[in-house]
Amino acid sequence: MAENLVIVESPAKAKTIEKFLGKGFHVLSSFGHIRDLSKKKLGIDVDKNYLPNYEVDPAKKKQVAALQKMVNESDVVWLATDEDREGEAIAWHLAEVLNVKKKKSYRITFNEITKDAIQNAIKNPREINIALVDAQQARRILDRLVGFELSPVLWKKVKPKLSAGRVQSVAVRLIVEKEKEIKEFQSSSYFRVTAVFSGKDKNGKPFELKAELQKNFQDIEKTRKFLELCKDSSFTVTDVITKPSVKSPAPPFTTSTLQQEASRKLGFSVSQTMLLAQKLYESGHITYMRTDSVHLSNMAIAAAKNEIISEFGEEYCKTRQFQTKSKGAQEAHEAIRPTYFDRKTITGTSNEKRLYDLIRKRTMASQMADAQILKTVISVSISKSPDQMFQAHGETIQFEGFLKVYRESSDDEQESPENMMLPPLKPGQELNRETINALKKFSQQPFRFTEASLVKKLEELGIGRPSTYAPIISTIQDRGYVEKGDIQGVERLVETLVLKGSQIKEDKKKETIGFEKAKLKPTDMGKAVTEFLLAHFPEIMNYQFTASVEKEFDRIAEGKLMWQKMIDSFYKKFHPQVSVAMELKEKRVGERLLGNDPQSGLPVYVKIGRYGPFVQIGESQADEKPRFASLPKGFDMDSVTLEQAMSFLAFPREVGKIGNEPVTVNIGRFGPYIYFEKKYFSLAKTDNPLTIGLPRAKELISEKRVRDEQNIILTFTEDPEIKVLNGKYGPYISYLKGNYKIPRDKKPENLTYADVKEIIEKGPVKSKRKK
DNA sequence: CAGTGAGCGAGCTTCCGCTTGACTT
């Protein structure tokens, strides 16, 4: 019989700790929270001072029963959940549900999983901190009230199944506002001038020097004039300034920085990174992956030191402890680091290996020496344009330090100036001018968010937690507020001027600007919902809302404020706003009158419906029913024009007849298509549904028919409705819109009519595999 | 894979933050 039961949150952690504690200690895990407010109902009795009604999660019943059994068999219960607000609450729920009062029970915490830390915790037990638990209850109840009162407003005013909340609605707002910023951005252009000089150094060795003019020109005339001056100018080195500088490594990874770097360096999505990290954690390769702390245990720092010295030598090592700066950090865990630094590689998939490598290098680098860099700036004067100056920037690494293993990436994809070794020049030296190049540049519009850069922004605002970053990103996409995709760049003609010899050559170059990969863009729905929420619930939508309620949670945790009081003063203001919004008689969210049809005079609207944005002609109360057409891809509710709306309403359009049968073109849920003889034929991306004619329609029809023909393996004269087809997932039987699986032991091409009949009798695809 | 959107109005949807499985196409 185990005398001591230790309960932690994660099963992987339980395994590790059990090893450290040895005999007499049993370690089990709660798998996170075991109890929560009712899943379906509000679960809060607003009239009884916000009394919460907690229920054991049905999915956790089994685990709770197992815990109960062990509690009954143990003498002492140690509640060792995480050392943060949520962890304290989990400990409290465990104590309540498992009725540990009957036993000796203690609350213990440690924020690193080392033998010392755990034994130390056992020596310093304490009571559950009820004030901290109350702060968690306030957090939980506030989120529930906001989420479960706001969402139904959206169901009524916009469309069912939508959602709103303290975190997700602000995340969507960030994306909506970014898009607005980009739309309003006024691009300005300028000419950037660069020069290539040559010469010979003291030893007669030829060199080349690239330098940039310190001033940009606003227009092409001024640029031309300048190049004219350069034609007959002499160029002299006026200054050579060298300055030593140091670069220090970045701290080890937290969840958010790991997601950012994995996105920039490896191209992983946020959820992909977390899945891989979970694998690495479960295999014992890395420490816990949901953390906001940059703290490393002394043991880890010592291990990193060992590894750095043996791999690179003493001079490469410089240990440090970093301070966590991010807002609202609770630091229940260490930073994300390898469990064993001497494991250079691990077994696993190639992506697991790549992520492990990133984590190991980042952690190692954080304990390595600063890089010593010598920065050099060479200034070059222009004889005929004395108020201008060329400059060359050079960087030489004197000592690599941490750069030997790791260099952090940055979000702005701005091309960095060429930092190279510069030739050893002295002031006064004359240079030969080779070419001078002027290139038209455009000021950079703001970047849209990637998943990872959105997480970074949320973290800066103190919104969301490491365990929720990935789910937030999924939720706002699942709800249709935000879409991830590539942003197509626009082609621009860019003017260039080149001075070579005594000739100035002007040219125009094509350049694609503004292409962005895997960026987040708001949908019409996201924009409309954000606008609505901003109008009626400005406090919740405020970027500072979370930070301000966090301050109150802190006061609750300090015992200076009753959680019910805090919730009450919030709810007294919030709830009436909900009632007002519910009763709004105004037209539905996002609706806009585009104008009147010049032909009929009927009003034309753009609205959001159950299936997304659409245009409508006519009033719904009128005698004549209105007609509808969905907004095709690539059109925005807020920019669509009356003319465009009228063109959508022109569908379905007859393009002609084949025999007596009409051929029409229409736009459906999956894009434009041709409809002929009760069959559908998708248009190609290059086809324009507004102008497509009969010849092209015929082409599409026959192409599709050929494709279908090729997929037919067998048909039967007995019943033309039955076909054996080759599909995306292999051969199958199709009969009256139902699909049927072909048994493994039969070859599809050898099936007889009787075989097929038998398979169909057995029922459609629903493999009832017995275990 | 495919043409909806108003209107009758049952019964459903929804939050954030802890943690991992799993009945399948």
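Reminder, nothing fancy here: chain letters follow the sequence lines and each chain counts from 1. Reckoned from all heavy atoms, side chains included, excluding hydrogens, waters and symmetry mates.
In summary, the side chains of A:Thr255 and A:Arg465 do not present any donor paired with an acceptor at a separation below 3.5 Å, with no hydrogens or angles considered. Between the side chains of A:His333 and A:Asn111, not a single donor N or O lies within less than 3.5 Å of an accepting N or O. With hydrogens and angles left out, the side-chain atoms of A:Tyr288 and A:Gln278 include no donor and acceptor closer than 3.5 Å. Side-chain contact of A:Glu459 with A:Ser256: a donor-acceptor pair under 3.5 Å is present, judged by distance alone. Side-chain N/O atoms of A:Gln577 and A:Glu539 include a donor and acceptor closer than 3.5 Å.
As judged by a 4.0 angstrom heavy-atom cut-off over every strand, A:Phe651 is placed among residues making no nucleic acid contact. Contact annotation for A:Val146: no contact, since no heavy-atom pair falls under 4.0 Å across all strands. Among the heavy atoms of the strands, none lies under 4.0 Å from A:Ile34. The residue A:Pro652 sits close to a base: some heavy atom pair falls under 4.0 Å. Among the atoms of the strands shown, none is found under 4.0 Å from any heavy atom of A:Gly87. As judged by a 4.0 angstrom heavy-atom cut-off over every strand, A:Glu149 is placed among residues making no nucleic acid contact. Within the 4.0 angstrom heavy-atom criterion, only backbone atoms of the sugar-phosphate kind lie near A:Thr475; the bases stay farther away. Among the protein residues, A:Tyr605 comes within range of no part of the nucleic acid, since none of its heavy atoms lies under 4.0 Å from any strand. Base engagement by A:Gly32 is indicated by at least one non-hydrogen atom pair under 4.0 Å involving a base atom. Residue contacts for A:Tyr288: at a heavy-atom cut-off of 4.0 Å it reaches the sugar-phosphate backbone alone, with no base atom in range. Note on A:Ala89: nothing from the nucleic acid sits closer than 4.0 angstrom, heavy atoms only.
The phosphate of B:dC15 has OP1 or OP2 within less than 4.0 Å of a side-chain N or O from A:Arg479. Proximity of A:Arg166 to the phosphate of B:dG17: a side-chain N or O atom is located under 4.0 Å from OP1 or OP2. Look at A:Thr468 and you won't find any side-chain N or O under 4.0 angstrom from OP1 or OP2 of B:dC16. For B:dT4, neither phosphate oxygen OP1 nor OP2 lies less than 4.0 angstrom from any side-chain nitrogen or oxygen of A:Ser630. Not one side-chain nitrogen or oxygen of A:Arg465 sits closer than 4.0 Å to the OP1 or OP2 atom of B:dC16. Within the 4.0 Å cut-off from OP1 or OP2 of B:dC15, at least one side-chain nitrogen or oxygen of A:Ser163 is found. Contact check, A:Lys40 against B:dT13: a side-chain N or O comes under 4.0 Å of OP1 or OP2. Dashed line: the shortest gap from a side-chain N or O of A:Gln616 to OP1 or OP2 of B:dA6 is not under 4.0 Å.
Of the candidate nucleotides B:dC18, B:dA2, B:dT20, B:dC18 has the atom nearest to the side chain of A:Asp82. Side-chain proximity of A:His33 to B:dG17, B:dT19, B:dT4: nearest is B:dG17. The side chain of A:Phe614 sits closest to B:dG5 out of B:dG5, B:dA2, B:dT14. In this structure, of B:dT20, B:dG17, B:dG3, it is B:dG17 that holds the atom nearest to the side chain of A:Glu86.
B:dT14 has its base stacked against the ring of A:Phe148, the centroids being under 5.5 angstrom apart at an interplanar angle below 30°. The stacking criteria are not both satisfied for A:Trp155 over the base of B:dT14, which would need a centre-to-centre distance under 5.5 angstrom and an angle between ring planes under 30 degrees.
Distance NE2 (A:His93) to C1' (B:dG17): 11 Å, rounded to an integer number of Å. Between the CE atom of A:Met582 and the C1' atom of B:dT14 there is a distance of 11 Å, rounded to whole Å. In this structure, CD of A:Gln168 is placed 16 Å from P of B:dT13, rounded to the nearest angstrom. Rounded to whole angstrom, the span from the CD1 atom of A:Ile463 across to the P atom of B:dC16 amounts to 11 Å. Atom CG in A:Asp36 sits about 15 Å away from atom P in B:dT14, given to the nearest Å. Regarding A:Met274, its CE atom lies at a distance of 12 Å from the P atom of B:dC18, rounded to whole Å. Atoms CD (A:Glu677) and C1' (B:dA2) sit 17 Å apart, rounded to a whole Å. Atoms CG (A:Leu275) and C1' (B:dT19) sit 14 Å apart, rounded to a whole Å.
Applying the 3.5 Å distance criterion, the base of B:dG3 shares a donor-acceptor pair with the side chain of A:Tyr680.
No close placement of the A:His285 and A:Tyr281 rings is indicated, their centers lying 6.0 Å or farther apart. Between A:Phe614 and A:Phe648, a ring centre-to-centre spacing not shorter than 6.0 Å is recorded.
Of the residues near DNA chain B, A:Asn666 and A:Gln330, the one whose nearest nucleotide (by heavy atom distance) lies more toward the 5' end is A:Asn666. The residue among A:Glu282 and A:Ser38 whose nearest nucleotide of DNA chain B is located toward the 5' end is A:Ser38.
Taking the six-membered ring for Trp and thresholds of 30 and 60 degrees, A:Phe570 and A:Phe574 have nearly parallel ring planes, at less than 30 degrees apart. Using cut-offs of 30° and 60° on the angle between ring planes, the pair A:Tyr571 and A:Tyr50 is perpendicular. Between A:Tyr680 and A:Tyr675, the ring planes are tilted. Angles from 30° to 60° get that label.
Distance noted for atom P between B:dC12 and B:dC8: 22 Å (whole Å).
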_For Watson-Crick and G-U wobble pairs within 3.5 Å on both distances, what is DNA chain B written in dot-bracket notation, | included for inter-strand pairing?_
.........................
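For the pair A:Gln136/A:Glu88, no side-chain contact is recorded, criterion being any heavy-atom separation below 4.5 Å from C-beta on. Counting only heavy atoms from C-beta outward, the side chains of A:Leu79 and A:Ile108 never approach each other to under 4.5 Å.
Sorted by first and then second residue, the salt bridge (charged side-chain N to carboxylate O under 4.0 Å, His left out) pairs involving residues 540-550 of chain A (not counting sequence neighbours) are A:Arg85-A:Glu550.
Less than 4.0 Å separates DNA chain B from at least one heavy atom of each of the following residues of residues 135-142 of chain A: A:Arg139, A:Arg140.
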